Amino acid sequence: MSGAPVVVVGAGPVGLTAALLMARRGLSVLVLERQPAPYARPRAVHLDDEALRALADAGVAEAFLRASRPMSGLRLLDGRLRTLAEFRRSPSAGAHGWPQGSMFHQPDLEAALLAAVAAAPGIGLRTGVEVVGLARDGGVTVRPSGGGEPSDLPAAAVLGCDGANSTVRGLIGAAMTDLGRPDRWLVADLRSAAPLPVWNGVHQVCDPHRPATFMPVAGDRYRWEFRLRPGESREALAEALPALLAPAGADGAEVVRVAEYVYRAQVADRWRAGRVLLAGDAAHLTPPFIGQGLGLGLRDVHQLAWKLAAVLTGAADDRLLDTHQAERAPHARALVRLALLVGRLMTGGGVGGAVLRRALLAAVGRVPAVAAFATDSRTPPLRPGPLVVRRGRAGRRLAGTLLPRAPVAAGGRRCPVDDVLGHGAARLRLLAPGRVAVRPAGGAEVAVADVDGVLTAWLRGARATTVVVRPDRIVASAR
Ligand SMILES: O=C(O)CCc1cccc(O)c1
């Protein structure tokens with residue numbers, strides 16, 4: 001490995017998490033951010049417990065949980081705010097020991113990530129620096145501008161985490177492919193000292209005349225979103241806000257921000273050129289209807305950080321990086337399509353739509369990937385490939401899915417199984433009900449007590465006795 005750092009372009013939550021994950025694996029990292037100061041606008045509001053695994057690996061799960069609020073699920077409502085369907089999330093502990101869904105104020109997460117970055121050895125952060133050019137020459141040379149004295153920066157690799165309007169994406173000649181039509185929405189952030197009379201989850205109003213979303217965020221914060229009609233101006237809708245907020249009892253709340261967003265459903269056609277790679281919104285954009293935008297980006301970098309570390313330390317060759325797009329793009333496309341489906345349930349139907357929607361919901365609920373997401377908040381498994389071997393009955397059930405972050409006891413200490421797995425790959429073997437042997441890569445096998453029986457039930461449910469998990473806790477193979 002050369003002495004050059006990995007350059008992460010973009011200091012949003014995905015870029016900062018990538019930096020922390022790579023620094024934990026011994027890489028030196030330089031984060032370049034075009035904004036001179038943290039961008040204080042809240043965008044993402046929701047994270048599921050699968051994506052939280054990435055923040056945990058980056059060392060910021062505790063800070064995130066302190067600043068966030070468990071949520072209870074997703075409700076589809078009709079135009080009169082009557083419940084059509086409800087998908088419950090456990091606000092206490094799901095399979096990973098955390099609430100299945102959490103709501104948060106994005107600037108709070110960014111503050112936690114920036115504090116962790118400041119405390120981490122091996123990460124530099126330069127703000128007010130825009131990347132204007134990249135040259136690929138064995139490693140990569142990054143041309144910054146706006147950082148005072150312009151000078152080229154050698155990089156071992158570059159990660160474009162620079163958002164929807166990614167410069168890095170343009171510089172590698174990648175383009176976005178549309179999976180659905182863009183839609184204009186008005187987003188209103190509210191604060192209310194007195195709690196508003198709404199359920200502790202996300203509400204999707206399935207009203208073709210005025211599809212809307214509303215939810216409590218964290219603390220005294222709430223968010224409302226309304227689809228703009230063709231030709232309708234943001235100003236006209238903003239003026240109508242008090243009337244639109246009244247049915248849910250929110251018209252007395254303080255509106256602290258109103259912004260127009262175009263919701264896009266897009267995935268990049270190319271995620272990598274040599275050692276320049278895309279992640280997060282630079283690689284995919286999703287409508288927010290299932291709250292998966294940030295989660296997709298965190299999964300990208302959780303899965304990429306160990307691959308990049310393996311390549312840059314010489315443990316693997318560059319072909320490992322081919323698996324980035326091969327694994328992540330189908331997963332991103334599946335979730336973007338699911339978000340589009342919920343969007344269609346919200347906007348389609350017209351008169352008699354509620355009856356149609358109930359029928360459609362029942363039908364789509366029988367699709368396994370939809371049912372797993374709707375009832376258990378699980379995202380689709382990674383597709384088979386060089387790092388996911390779906391062989392045999394157990395392999396077909398478990399490979400590509402996430403290992404539960406089960407509580408175990410080892411040497412009198414109770415901890416999540418992740419703490420025993422270490423940062424590399426590992427093998428888990430069921431010794432007897434309630435007893436599992438864990439062998440971290442390069443380490444000795446240790447027997448742990450599966451204190452709540454979570455691992456035993458998970459393995460037995462798939463008729464598996466042994467699984468190999470990757471450093472990102474995704475099951476590589478099972479038998
Ligand atoms: O599926 C879930 O549990 C979360 C759904 C969600 C979260 C945040 C925004 C949103 O529109 C939907």
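A quick note: this is a predicted structure, and the numbers were derived from the prediction, not measured. Atoms within each ligand, like the ligands themselves, are counted from 1 in listed order.
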Step through the shown structure and confirm whether more than 12 heavy atoms of other residues, nucleotides or ligands are within 6.0 Å of CZ on Arg229.
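Enclosed.
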Does atom CZ of Arg383 have more than 12 heavy-atom neighbours from other groups under 6.0 Å away?
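Not buried by this count: 12 neighbours or fewer within 6.0 Å.
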Tell me which part of Ile290 gets within contact of ligand 1: side chain, backbone, both or neither, using heavy atoms under 4.0 Å.
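The answer is the backbone.
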Could you establish whether [X] and ligand 1 come within less than 4.0 Å of each other, counting only heavy atoms on the residue side?
X	value
Gln204	yes
Phe373	yes
Gly101	no

Short N/O distance, under 3.5 Å, between Pro288 and ligand 1?
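Among all N and O atoms of Pro288, at least one is under 3.5 Å from an N or O of ligand 1.
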How about Trp185 and Phe289: are their ring centroids closer than 6.0 Å?
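Close enough - the centres of the two rings lie under 6.0 Å apart.
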If the plane angle is over 60° it's perpendicular, under 30° parallel, otherwise tilted; pick one for Trp98 and His96.
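Trp98 vs His96 ring planes: tilted.
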Assign the ring pair Trp224 / Phe214 to parallel, tilted or perpendicular, where the plane angle (0 to 90°) is split at 30° and 60°.
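Geometry flag for Phe214 against Trp224: parallel rings.
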If you count the atoms of ligand 1 from 1 in the order shown, which ones are under 4.0 Å from a heavy atom of Gly291?
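Numbered from 1, ligand 1 contributes 6 (C), 7 (C), 8 (C), 9 (C), 10 (C), 12 (C).
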